[in-house]
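Residue numbers begin at 1 in each chain, while the letters A, B, ... track the order of the sequences.
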Number of protein chains: 2
Amino acid sequence: MLTNMPELSLGDDAAADADAVNALRSAVMRLSRRLKHQRVDESLSPTEMSVLGTLARCGHATPGELARKEHVQPPSMTRIVAMLEAKGLVRLEPHPDDRRQKVVTQTEQAEAMLEESRRKRNAWLSELASGLDEDEWAALRTAAPVLEKLAQL
Amino acid sequence: MLTNMPELSLGDDAAADADAVNALRSAVMRLSRRLKHQRVDESLSPTEMSVLGTLARCGHATPGELARKEHVQPPSMTRIVAMLEAKGLVRLEPHPDDRRQKVVTQTEQAEAMLEESRRKRNAWLSELASGLDEDEWAALRTAAPVLEKLAQL
DNA sequence: AGAGGGTAATGAGTTATGCTAACGAACATG
DNA sequence: CATGTTCGTTAGCATAACTCATTACCCTCT
C-alpha cells in the first residue's frame with residue numbers, strides 16, 4: 001500500500017500521516033458546511049467573505065489574482081466582485097499599466113464590516129470553547145497558520 | 001493592524017484566539033474548495049465521500065443519523081443515500097425494530113473504493129509534503145482530531 | 001505599422017447540491 | 001383505538017459554482 005516513499009522524512013509515519021489527512025479532509029468538509037450556516041452577515045456568501053479577507057491581507061488585487069487565490073474560475077470571481085461592488089464593499093479601478101485588468105480594493109465599509117464580523121465570531125468562538133480543553137485550543141492555534149499555508153500551496 | 005502585544009493579560013489571549021479562528025475559518029473554506037477538486041472518484045460528490053467515511057467508522061446507520069452527523073437536512077440525505085445505492089456503494093435494509101427506519105450499510109465495493117481513495121490521497125499528501133516542514137506536519141497531526149471534534153460539536 | 005497569438009474580464013446558460021414545505025407510513029401513549 | 005410524534009420521502013426552489021463563447025486589450029515578430 002504505502003509504496004510511495006517521498007523524499008522527505010515521512011518514513012515510518014507515512015501511515016499516520018495518511019490517517020491524519022483522512023481525518024483532516026473529513027473534518028474540513030463538515031466544518032465548512034457548518035461555517036456556511038454560521039455566516040456572520042446573512043447577505044454575504046462564504047466565498048465573498050473570504051475574498052474580503054484576502055483583500056484585507058493583500059490590500060488590493062485584480063479579479064484574476066483573486067480567482068487564483070480563492071481557487072475559483074474567473075467568471076465566478078467576476079460575479080462575486082460585482083456583488084461586492086453592488087454592496088459597496090469593494091471599489092473597482094482601472095489598472096494603471098494594463099487596461100484589460102482592474103484593481104479591486106476594499107472600502108472603509110468593508111473594513112468596518114470585517115471588524116463587526118470578528119466580534120461576532122468571538123461569540124461563536126466562546127460557545128465552542130466550552131467543548132475544548134486548553135491543549136486542544138493550543139493545537140488549533142498552532143495548526144491555523146499551517147492550514148492557511150496548505151490552502152495556498 | 002497587527003496589535004500583537006504579547007504580555008498583555010486577559011484580552012490578549014482572546015485576541016489570539018480570535019485571530020486563530022479567523023485564520024481557521026478562511027483556511028477551512030478554501031481548503032474545502034480545493035478538496036472538492038481533488039476528489040478521488042469523479043463520480044462521487046464530497047458529501048457522498050464523507051458519508052462513506054462515516055459508514056466506514058460506524059459500520060451502519062440510519063439515514064436520519066447520517067443526516068445529523070453530516071449536518072445535512074434529512075431530504076438531502078435521502079438523495080445522497082439513493083445516489084450511493086444506485087452506484088452500488090451502500091445497501092439499504094429494513095430496520096429490525098422500527099419499520100419506519102432503514103439501515104444503511106456499505107458494500108464491499110465501497111470498501112475497495114475507500115482503499116483506492118486512501119492510496120490516491122497518499123499521493124496528494126506526498127506532493128503537499130514538499131511544502132511543509134516536519135513541525136508543520138506535526139501541528140496538523142495534532143490538530144486533526146481536534147478539528148474532527150469541532151465538526152461534531 | 002500591422003498581423004497574429006495570448007491573456008483579462010465578462011455574459012449566457014448549465015449543473016450540482018443544498019434547502020423548506022408538505023405528506024404518508026409506522027410508532028407510542030392516553 | 002384515537003391522537004400526536006417521528007422517520008423517510010417527494011416536490012419545488014435557491015444558490016453558487018462551472019463551462020463555453022465573446023470582447024477588449026497587450027505584446028511580439030516581421
From CD of B:Glu85 across to P of D:dG8 the rounded distance in Å is 14 Å

Check this one for me: any side-chain N or O of B:Ser76 less than 4.0 Å away from OP1 or OP2 of C:dC19? yes

Rounded interatomic separation in angstrom, taking CE from B:Met83 and P from D:dT9: 14 Å

Is there a donor-acceptor contact under 3.5 Å linking the side chains of A:Glu70 and A:Thr47? no

Heavy atom of residues 92-103 of chain A under 4.0 Å from DNA chain D: which residues? A:Asp98, A:Arg99, A:Arg100

Any donor-acceptor pair under 3.5 Å from B:Thr62 side chain to B:Gln101 backbone: no

Using a cut-off of under 3.5 Å, enumerate the N/O to N/O pairs linking the protein to nucleotides 10-16 of chain D.
none

Base, sugar-phosphate, or nothing for A:Val81, non-hydrogen atoms under 4.0 angstrom? nothing

Using atom types as modelled and distance alone, determine if a side-chain donor or acceptor of A:Ser76 lies under 3.5 Å from a backbone N or O of A:Val72. no

If the test is side chain to side chain donor-acceptor pair (under 3.5 Å), which one of B:His95, B:Lys102, B:Arg100 qualifies with B:Asp98? B:Arg100

Check: A:Ser45 main-chain N/O paired with A:Glu48 side-chain donor or acceptor under 3.5 Å: yes

So that I can tick it off, tell me whether A:Arg91 and A:Glu93 are bridged by a salt bridge, with the cut-off set at under 4.0 angstrom between side-chain N and carboxylate O. yes

What is the distance, rounded to the nearest whole Å, between atom CD1 of B:Ile80 and atom P of C:dG18? 5 Å

I'd like to know if B:Lys149 pairs up with A:Glu136 as an ion pair, taking the criterion as any Lys NZ or Arg NE/NH1/NH2 lying under 4.0 Å from an Asp or Glu carboxylate oxygen. yes

If you define the side chain from C-beta out and look only at heavy atoms, does anything of B:Met77 sit under 4.5 Å from B:Val51? yes

Calculate the interatomic distance between A:Gln73 atom CD and C:dT14 atom P; express it in whole Å. 19 Å

